[in-house]
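A, B, ... follow the sequence lines: proteins, then strands. Residue 1 opens every chain. Values in this document were obtained by computation on a predicted structure and should not be read as measured data.
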Amino acid sequence: MAKKQVMFTFPHNLIKEPIIYLLSHKFEVVTNIRRADVTENRGWVVLELEGKDKEIDAGIAWVIEKGVRVDPIEGDIIEG
Amino acid sequence: MSFATGLRCRKCGQEYPLQPLKVCDFCLSPVEVNYDYKAMIQAVSRQSIASGPATIWRYRDLLPVETKDEIDLGTGMTPLVKADNLGWKLGLERLYIKNDCLTPTYSFKDRAVAVAVNKAKEFGFNTVACASTGNLAASVAAHAAKAGMRAYVFVPSNVEPGKLVGVSIYKPNLVTVEGSYDDVNRLCAEVAQKYNWGFININLRPYYAEGSKTLGYEVAEQLGWQSPDCVVAPAASGLLFTRIWKGLQELSMLKLIEPVNTHMYLTQATGSSPIVKAYEAGSLHIHPVTPNTIVTSIAIGNPADGYYALMVARQSGGGAQDVNDEEAIEGMKLLAETEGIFAEAAGGVVIAGLRKLVQSGKIHKDQLTVAFITGAGPRTQEIVSDVVQPVKVEPNLKSFSEVAGVGV
């Protein structure tokens, strides 16, 4: 089983969507929220995803397709 | 000797021994090096520092490196120049330029990488890695060459080959990745997890960060052991900005300078300015953006230390200023024409930002202000290629006098 730590940033129109709940039901991925800040206008969640690589990758691709920004928790790694 | 005692989470306070660690295991927040300042204050004095080498290693006691035989390219003690010509143009009476173009690989990254590579060696890594389009890559490759370590440098495949000459000359393993910047970020996060390497800005990031403190130390020492009234510096990940502040605060804590009353101003290019946007919105949340600017060396859309940079700008009574690409280019040219310093575009952002801060009355003419120029211009000189406007003459004096308008 692999683990991946990511940050989801939700746009305004997705704040009310149960994205994380659906992620763990559509894919064989265990979600573990570590930090979050969600208001009525915006939100971000730092979480750990656990599962098979294939399931995690497919799950992340689905989340991105829904319109959520997904970043490594380290922030942007590539620097000038 | 080093007085580093361990790592500490910046959010939840969880402590860890000194080790390669990218984030806190509990809350996944950044960690930073903790020191025994009580012991440090007994060992460090202005004299002990002044008697050290003219490099960052004069501050060895304030850094987390144990080895006495450090890998050293000679980084540090770059000039702090009194910039009277530029100051006159901008309306500042006491303006200084900290010129970090003059480091071994031509950017401030040498400070951070010097500490990170030495820690990598101490931790037993034989390979160091980074993802970069220029300055960081060159610095990592050069330090690895000196250290006899393997280096892996990851770049997006669309980076112009010309930009990579200053990296490849040190013979790292250069890996071009087919994909966007985000794809490179994701790949590197996975590579860092899989391979037992010292990834400079991932698992070595707490140590990498500490090298940048030396910019704050040097400026205070070069000003005769005082902290400036105002600092203007670029912000990409926000790390440099927070570490200049930390450097000044530590000197004050060690009673080497008076309590710090410096107003910290960060500058960003408008096309990649998530920290400035959060500052202007009065928000504590840095909303990631997709960079769209020619100022590539500070084009970071999701800054890892953005929140902390924002807090420093706020708590110090400073601020945040963005400038567009045209203004950045004008800033580059103004700095070169007035002070003879050819900075990269990030330096142009600093100078153009400084100009706006003066014009809006935030920085006053009598305040002792230090502008940080953190990288040299030649690596990306094509963005100012329009400055080449020669006077064309025939090979005789008459033509020269006529065309150039020089009276005989």
Side-chain angles (χ1 to χ4, degrees), chain A residues 1-15 19-20 23 29-80, chain B residues 11-12 22-30 107 109 130-137 154-156 177 181-182 184-190 192-193 199-203 205 236-239 283-288 290-291 295-306 344 346 375 380:
Chain A
M1 295 291 252
K3 284 183 182 176
K4 192 170 274 187
Q5 297 154 342
V6 290
M7 178 176 177
F8 290 174
T9 304
F10 296 88
H12 174 70
N13 62 317
L14 289 178
I15 291 292
I19 300 279
I20 296 172
L23 169 65
V29 172
V30 177
T31 58
N32 184 0
I33 296 173
R34 302 296 185 87
R35 275 191 290 134
D37 183 8
V38 182
T39 69
E40 66 274 24
N41 295 320
R42 53 163 181 75
W44 58 262
V45 177
V46 166
L47 71 171
E48 190 167 68
L49 308 176
E50 187 171 359
K52 290 180 182 161
D53 277 330
K54 205 174 136 191
E55 287 293 307
I56 292 176
D57 290 346
I60 287 176
W62 175 79
V63 169
I64 292 171
E65 198 179 303
K66 293 291 283 181
V68 176
R69 182 178 167 126
V70 181
D71 292 288
I73 51 157
E74 300 88 352
D76 281 356
I77 293 162
I78 189 163
E79 294 189 20
Chain B
K11 268 269 189 326
C12 73
K22 61 174 186 176
V23 287
C24 173
D25 283 342
F26 287 85
C27 71
L28 308 183
S29 296
S107 86
K109 301 280 187 188
C130 73
S132 165
T133 55
N135 291 336
L136 177 63
F154 294 82
V155 297
V177 182
Y181 275 47
D182 285 347
V184 179
N185 281 324
R186 276 191 278 274
L187 172 65
C188 289
E190 289 168 11
Q193 205 166 357
F199 218 110
I200 294 294
N201 49 0
I202 302 183
N203 60 350
R205 190 174 176 83
S237 71
L239 194 64
S283 168
L284 283 178
H285 174 61
I286 309 288
H287 199 87
T290 302
V295 192
T296 53
S297 69
I298 54 169
I300 286 190
N302 183 25
D305 280 68
E344 63 176 9
T380 53

Between [atom1] of [X] and [atom2] of [Y], what distance do you get to the nearest 0.5 Å?
{"X": "B:Cys130", "Y": "B:Phe154", "atom1": "SG", "atom2": "CZ", "answer": "9.0 Å"}
{"X": "A:Phe8", "Y": "A:Ile19", "atom1": "CZ", "atom2": "CD1", "answer": "9.0 Å"}
{"X": "A:Thr9", "Y": "B:Asn302", "atom1": "OG1", "atom2": "CG", "answer": "6.5 Å"}
{"X": "A:Trp44", "Y": "B:Ile286", "atom1": "CH2", "atom2": "CD1", "answer": "11.0 Å"}

Segment of [X] engaging chain A (4.5 angstrom heavy-atom cut-off):
{"X": "B:Leu136", "result": "both"}
{"X": "B:Glu344", "result": "neither"}
{"X": "B:Thr290", "result": "both"}
{"X": "B:Ala299", "result": "neither"}
{"X": "B:Ser29", "result": "both"}
{"X": "B:Asp25", "result": "backbone"}
{"X": "B:Thr133", "result": "both"}
{"X": "B:Phe26", "result": "backbone"}

Decide side chain to side chain contact (heavy atoms under 4.5 Å, CB included) for B:Arg205 and B:Ser237; before the verdict, give the C-alpha distance in whole Å, the side-chain angles of both, and the deciding distance to 0.1 Å.
CA-CA 12 Å; B:Arg205 190 174 176 83; B:Ser237 71; 3.5 Å; yes
How far apart are the closest heavy atoms of [X] and [Y], and which atoms are they?
{"X": "B:Val23", "Y": "A:Gln5", "result": "CG2-OE1, 4.4 Å"}
{"X": "B:Val295", "Y": "B:Ala346", "result": "CG1-N, 3.6 Å"}
{"X": "B:Ala192", "Y": "B:Ile202", "result": "CB-CD1, 3.6 Å"}
{"X": "B:Cys12", "Y": "B:Cys24", "result": "SG-SG, 3.7 Å"}
{"X": "B:Ala131", "Y": "B:Val184", "result": "CB-CG1, 4.3 Å"}

Pick from B:Asn135, B:Asn201, B:Asp305 with the largest number of heavy-atom pairs that fall under 4.5 Å of chain A:
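Highest number of pairs under 4.5 Å: B:Asn201.
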Shorter than 4.5 Å, heavy atoms on both sides: which option in B:Lys22, B:Arg186, B:His285, B:Gln193 has the most such pairs with chain A?
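Heavy-atom pairs under 4.5 Å are most numerous for B:His285.
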Could you go step by step and tell me if A:Thr31 and A:Leu49 meet the side chain to side chain contact (heavy atoms under 4.5 Å, CB included) rule?
CA-CA 5 Å; A:Thr31 58; A:Leu49 308 176; 3.7 Å; yes
Verify, without hydrogens or angle tests, whether A:Arg35 (side chain) and B:Leu28 (backbone) share a donor-acceptor contact under 3.5 angstrom.
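Yes; at least one donor-acceptor contact below 3.5 Å.
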Among residues 70-80 of chain A, which residues come closer than 4.5 Å to chain B, judged by heavy atom distances?
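Within residues 70-80 of chain A, near chain B: A:Val70, A:Asp71, A:Pro72, A:Ile73, A:Glu74, A:Gly75, A:Asp76, A:Ile77, A:Ile78, A:Glu79, A:Gly80.
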Just to be sure I understand the criterion: a residue of residues 50-65 of chain A counts if one of its heavy atoms is under 4.5 Å from a heavy atom of chain B. Which ones qualify?
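Within residues 50-65 of chain A, near chain B: A:Ile64.
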Determine, stepwise, if the pair A:Leu47 / A:Val6 fulfils side chain to side chain contact (heavy atoms under 4.5 Å, CB included).
CA-CA 6 Å; A:Leu47 71 171; A:Val6 290; 3.9 Å; yes
